[in-house]
There are 2 protein chains.
Amino acid sequence: MGRRNQSVTISHVAADAGVSLQTVSRVINNEPNVRPEMKARVQASIEKLHYVPSIAAQRMSGSRSYLILVINDRERTIAEWRARRGADWVDQMLLGGMLTSAEHGYRMIFELVDTHNDHVERELSGTIAALQPDGIILTPPHSENPLITNLLDQRNIPFARIGSLTPGSGFAIHMGDAGSAAQATQHLIGLGHKRIGFIAGALDYNLSHWRVDGWRQAMAQAGLSDADLCVQGDFSYESGREAATALLNLTPAPTAIIASNDQMALATLDIANERNLLVPQDLSLISFDNTPVVRFTTPQLTAIDQPIAATFSKAVELLIHQATSPSEQPYLVPGSLVERASTAPPKA
Amino acid sequence: MGRRNQSVTISHVAADAGVSLQTVSRVINNEPNVRPEMKARVQASIEKLHYVPSIAAQRMSGSRSYLILVINDRERTIAEWRARRGADWVDQMLLGGMLTSAEHGYRMIFELVDTHNDHVERELSGTIAALQPDGIILTPPHSENPLITNLLDQRNIPFARIGSLTPGSGFAIHMGDAGSAAQATQHLIGLGHKRIGFIAGALDYNLSHWRVDGWRQAMAQAGLSDADLCVQGDFSYESGREAATALLNLTPAPTAIIASNDQMALATLDIANERNLLVPQDLSLISFDNTPVVRFTTPQLTAIDQPIAATFSKAVELLIHQATSPSEQPYLVPGSLVERASTAPPKA
DNA sequence: CTTCGGCATGCAATCGATTGAAAGTTGCTT
DNA sequence: AAGCAACTTTCAATCGATTGCATGCCGAAG
């Protein structure tokens, strides 16, 4: 409401340096054709007056907005969000993305969009109109939603897709989920396990499929059967309990289980305890995510670390530099197996 | 760079509805003096064209920016950040604040500012000039930094101070740290404990002092001595180990310990295990924060839950509604004791 | 029947930056 | 010494909204 704006503008700088606005603008944006002497004088004034350009004004005049939008799936409640994702995801996403953005003078804004909504485009479209971000980062399960990617293509806004393999438009970045699952499986096979159960994640996340695939391939490669050994979960603790129960009710029961996230692994651990199964002696356990919790369970869990912060950092850099080396697509920021105390050879 | 901007503007709406821009602007901002019939016609056009006002333009013309800035302390690395704060803080801050902001059409932007920097004002001042936020949320230890609050006062930007008791300018919101500490202490006293140790948090956070005070008062009230029983930590796991060691080396050793955050409580639990002390039989343990980890330790930890999401939600609402009921200051969003399995009567 | 106040709407200036074209400088060629 | 290109700097329009002021319309009061 007509709040008096006492901030320093480009014309104050111009006046102070005794040049026109346009020259100042050139200096700010590092454009050519400015005499070094002039440039120095302007920079001195900028420094002296602590001038910082207004992002709103820059955006208005058709330049950048220095804003990067991160699209996350909206859960109905905070509890639900955390149940499915674990706190760590947000933490790393925020810090990884934010630090890198800040380095380049950009800021990040988070937006929640409901996948199961017919108006995704409308909703996103409105956000874009309001914010006019320079780039957008899509997180699963939005990363491969054609409604969204088409919209972005059409609007010509650069975007990155986290957890995506399909090259196509936008930068696809993934963490080698299939490879990681295979690595975990091979680790268990190496220890002598033959019946290795797998708890899959929610199917609207493509990475859930990739993880299953990796496990399946590793099993096949070792000549082991995977029949009945894959049970469906949805990343929640509760679904993990059900899946673990189903797996351990099989005869013969698996001697090892890989869970598609930490929450489901924790559930599996609890089920094992309730059945008086010792981990790792009676049951080996490997999880995906490697959030801080897994270091405080008994035993500490062997897990596939997901480099989320690094992934967001990469996404931000790609967007800002508008990289264009389509040969590299999809970009890989690989996960890695962190060995702790939840795996051992099966009992003879 | 002169990217063609194909978005719908206010004049498109005006043309479609057959009225002037100003009328459309009035309708958007719910101003009086518009005939209902006219208002309906304009709203129909807005709906039809999917018009959404550009925030940059709104900000430019002296209105709101619909941006709320959250200032956090910058740690040197992500690991350091997480060590001191635990992942959950970020998660709840983001979700609590974001959901509430979104409800009112606002967005949040996070900014890291280095406390130990002489140029705090300069840095913050630049961010404000660039973003021109409608409100700012200060988190500890910035909440009571006079350099910052003075700057904000002077610029006349509404702000909230999380974890602050001092009324003064801006909205002070706290979680009743002293009361919570007292509650935890009384809980232990009720169980029969007489020697209750306390691990304090980093002293540049005021809430660290309040927690110590609460414990001290509860001890005094029960006629118990607190001599030597308070040891300094800095919220990190490592400092927790040292503090716990110091406390358990006392003779007689405390039979219960309250840690100022979960990280230090986890460290205490580890130290107890290493010394073959059973929790809770030999040592009762209560922590602050109640992050998800404490449900997965053995035993599960009794903890003071800190309603961070609710606090941020409150902060956002105060800022947006520009509430002015100074009588209520400071606002309280109280923590609560969550009883789990880490406390028991002391051995006879 | 004129006039005045209140409500509804339109005109034009404004916010702070960018940008393409115009104007002014410089220096080199012929 | 005049002509012209290349480089610097300035002028003026523009982005999309808000806002104070002017204007038009209405009915009620004088």
Side-chain angles (χ1 to χ4, degrees), chain A residues 1-42 46 49 51-67 105 126 128-132 134, chain B residues 1-42 45-46 49-67 105 126 128-132 134:
Chain A
M1 319 271 189
R3 187 194 305 151
R4 188 140 284 354
N5 205 340
Q6 50 210 339
S7 58
V8 184
T9 76
I10 197 171
S11 40
H12 297 151
V13 176
D16 184 82
V19 298
S20 68
L21 319 176
Q22 299 71 14
T23 304
V24 177
S25 176
R26 289 226 172 66
V27 172
I28 296 169
N29 296 295
N30 252 311
E31 284 173 32
N33 302 344
V34 181
R35 259 186 312 166
E37 172 209 326
M38 192 88 292
K39 187 165 177 175
R41 204 161 86 202
V42 171
I46 290 179
L49 301 175
Y51 166 73
V52 177
S54 151
I55 287 186
Q58 289 189 127
R59 171 64 262 184
M60 271 293 292
S61 48
S63 173
R64 303 203 184 81
S65 64
Y66 295 97
L67 253 31
I128 292 173
L131 255 28
Q132 289 156 282
D134 289 338
Chain B
M1 320 274 188
R3 187 195 305 150
R4 189 137 292 348
N5 204 339
Q6 52 211 338
S7 59
V8 184
T9 76
I10 196 171
S11 41
H12 296 152
V13 175
D16 183 81
V19 298
S20 68
L21 317 177
Q22 301 69 15
T23 305
V24 177
S25 176
R26 289 216 175 75
V27 172
I28 296 169
N29 296 296
N30 251 311
E31 282 172 35
N33 303 342
V34 180
R35 256 186 316 165
E37 171 209 327
M38 192 89 290
K39 187 165 176 175
R41 202 162 86 203
V42 171
S45 293
I46 289 179
L49 301 175
H50 302 329
Y51 166 73
V52 176
S54 151
I55 287 186
Q58 289 189 126
R59 172 63 263 184
M60 271 294 291
S61 49
S63 173
R64 304 204 183 80
S65 63
Y66 295 98
L67 253 31
I128 291 173
L131 255 28
Q132 288 156 281
D134 289 337

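Quick note on labels: first sequence line is chain A, next is B, and so on, each numbered from 1. Side chains are part of it too, since the values below use all heavy atoms of this structure and drop only hydrogens, waters and symmetry mates. Quick caveat, the model's predicted, so the values are computed rather than measured.
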Residue-phosphate contact under 4.0 Å: B/R26 side-chain N/O, C/dA8 OP1/OP2: no
Student check: side-chain heavy atoms of A/M38 and A/V19 closer than 4.5 Å: yes
Nearest-angstrom distance from the residue atom CZ of B/R64 to C1' of D/dG16: 18 Å
Integer-rounded Å distance: D/dT10 P and A/E31 CD: 14 Å
Nucleotide D/dT19, atom P - distance to CG of B/N30 in whole Å: 14 Å
Presence of A/T23 side-chain N/O under 4.0 Å of D/dT10 phosphate oxygens OP1/OP2: yes
D/dT9 OP1/OP2 closer than 4.0 Å to side-chain N/O of A/N33: no
B/S54 or A/M38, whichever maps to the more 5' nucleotide of DNA chain D: A/M38
Most 5' of B/S61 and B/K39 on DNA chain C, judged by nearest nucleotide: B/K39
Below 4.0 Å: OP1/OP2 of C/dA17 and any side-chain N or O of A/Y51: yes
B/Q58 side-chain N/O to D/dT18 phosphate OP1/OP2 under 4.0 Å: yes
Spacing of B/Q132 atom CD relative to C/dG16 atom P, expressed in whole Å: 8 Å
Any B/R35 side-chain N or O less than 4.0 Å from OP1/OP2 of C/dT9: yes
Side chain of A/S25 - closest among D/dT10, C/dT18, C/dA17: C/dT18
B/T9 side chain near D/dC15 phosphate (N/O to OP1/OP2, under 4.0 Å): no
